[in-house]
Amino acid sequence: MKYFLDFDRTVYDTDAFKKSVARRPTFLELIRQFEAAVLEFARPHATMTRRRRFLRTWGTFLSHGRFTFTPEELKQFIYPDVPPFLAAHDCTIVTYGVRAFITAKVTTALTDLPLTDIVYTSRKKGRTIARLCAQAADDCTFIDDMLFQLASVAQWCPDVTVVEMRRNGGAGDGRWPVIRSLEELH
């Protein structure tokens with residue numbers, strides 16, 4: 001069996017990741033603090049409070065910036081059932097989104113995990129899965145949480161098993177089998 005897995009909310013806890021990123025300083029916050037620090041530094045009787053705050057924020061931004069993450073930081077958001085599933089099956093990640101950001105996030109998060117391939121697309125996944133399945137010798141299964149992607153694959157690939165992922169425990173759409181964990185596929 002060949003598995004095509006979506007990344008966000010199928011392999012990766014994107015909601016927890018976004019909450020983690022939201023707590024980090026933004027570049028705009030950093031610029032505002034820099035301006036205040038420069039003004040304070042220019043005043044001869046300044047206490048340097050703003051400068052210290054800027055330097056602390058600058059250090060945080062450099063070590064935990066919004067778009068630079070270490071594999072250790074990103075791996076914590078991979079669902080626990082994913083590594084053993086990837087190790088036991090022929091899997092390709094097929095992901096959709098802004099290429100520069102998603103490439104950095106996906107590639108870094110999946111470092112050291114066994115994968116056949118990672119495929120990026122800027123459009124609905126139906127055509128991409130059709131192309132990938134034409135190269136596969138085995139039966140194919142596609143797993144995603146986004147209804148428009150599931151519908152696209154179902155339309156373009158009638159021979160592919162389409163499975164809806166609901167990590168949040170919510171009810172499925174009703175058109176496809178629903179799982180809440182990759183362990184349910186066994």
Original post:
Restricting to pairs with a member in residues 157-170, which pass salt bridge (Lys or Arg N to Asp or Glu O under 4.0 Å), not counting sequence neighbours?
Top reply: Asp81-Arg167, Glu164-Arg166
**OP:** Would you please name every residue forming a side chain to side chain donor-acceptor pair (under 3.5 Å) with Thr107, sequence neighbours left out?
**Re:** Tyr120
Original post:
What about Val163 and Leu132, same hydrophobic cluster or not, with Ile/Leu/Val/Met/Phe/Trp/Tyr joined at side-chain heavy-atom distances under 4.5 Å?
Top reply: no
For residues 82-91, dump all side-chain donor-acceptor pairs below 3.5 Å to protein atoms at least two apart in sequence or in another chain.
residue: Asp90; atom: OD1; partner: Lys2; partner atom: NZ; Å: 3.0
residue: Asp90; atom: OD1; partner: Thr116; partner atom: OG1; Å: 2.4

Original post:
Which pairs, with at least one residue in residues 151-177 and sequence neighbours excluded, count as a ring-ring contact (aromatic ring centres under 6.0 Å, His included)?
Top reply: none
Original post:
So if you build clusters from Ile, Leu, Val, Met, Phe, Trp, Tyr with side-chain heavy-atom gaps below 4.5 Å, do Phe4 and Leu113 land together?
Top reply: no
**OP:** For residues 170-186, pull every pair meeting salt bridge (Lys or Arg N to Asp or Glu O under 4.0 Å), keeping only residues two or more places apart or in separate chains.
**Re:** Asp173-Arg175
Original post:
Less than 4.5 Å apart, any side-chain heavy atom of Val119 and any of Ile93?
Top reply: no
Listing, residues 133-154 side-chain donor-acceptor contacts under 3.5 Å, not counting sequence neighbours, or none:
residue: Asp144; atom: OD1; partner: Met146; partner atom: N; Å: 3.0
residue: Asp144; atom: OD2; partner: Lys125; partner atom: NZ; Å: 2.9
residue: Gln149; atom: OE1; partner: Lys125; partner atom: N; Å: 2.7
residue: Ser152; atom: OG; partner: Gly126; partner atom: N; Å: 2.9

Original post:
Val94 versus Ile129: any side-chain heavy-atom pair under 4.5 Å?
Top reply: yes
Original post:
Heavy-atom distance under 4.5 Å between the side chains of Thr161 and Met1, does that happen here?
Top reply: no
**OP:** Write out all pairs satisfying salt bridge (Lys or Arg N to Asp or Glu O under 4.0 Å) with one or both partners inside residues 107-116, taking only residues at least two apart or from two chains.
**Re:** Lys75-Asp112
Subject >> Shared hydrophobic cluster, Tyr96 / Val162 (ILVMFWY, side-chain heavy atoms < 4.5 Å) >> reply: no
Subject >> Joint cluster assignment, Ile179 & Val160, ILVMFWY side-chain distance < 4.5 Å >> reply: no
Solution key, residues 7-15 side-chain donor-acceptor pairs under 3.5 Å, sequence neighbours excluded:
residue: Asp8; atom: OD1; partner: Thr14; partner atom: OG1; Å: 2.7
residue: Asp8; atom: OD1; partner: Lys105; partner atom: NZ; Å: 2.9
residue: Arg9; atom: NE; partner: Asp15; partner atom: OD1; Å: 3.2
residue: Arg9; atom: NH2; partner: Asp15; partner atom: OD1; Å: 3.3
residue: Thr10; atom: OG1; partner: Asp6; partner atom: OD2; Å: 3.4
residue: Tyr12; atom: OH; partner: Leu74; partner atom: O; Å: 3.3
residue: Asp13; atom: OD1; partner: Ala16; partner atom: N; Å: 3.2
residue: Thr14; atom: OG1; partner: Arg9; partner atom: N; Å: 3.4
residue: Thr14; atom: OG1; partner: Tyr12; partner atom: O; Å: 3.3

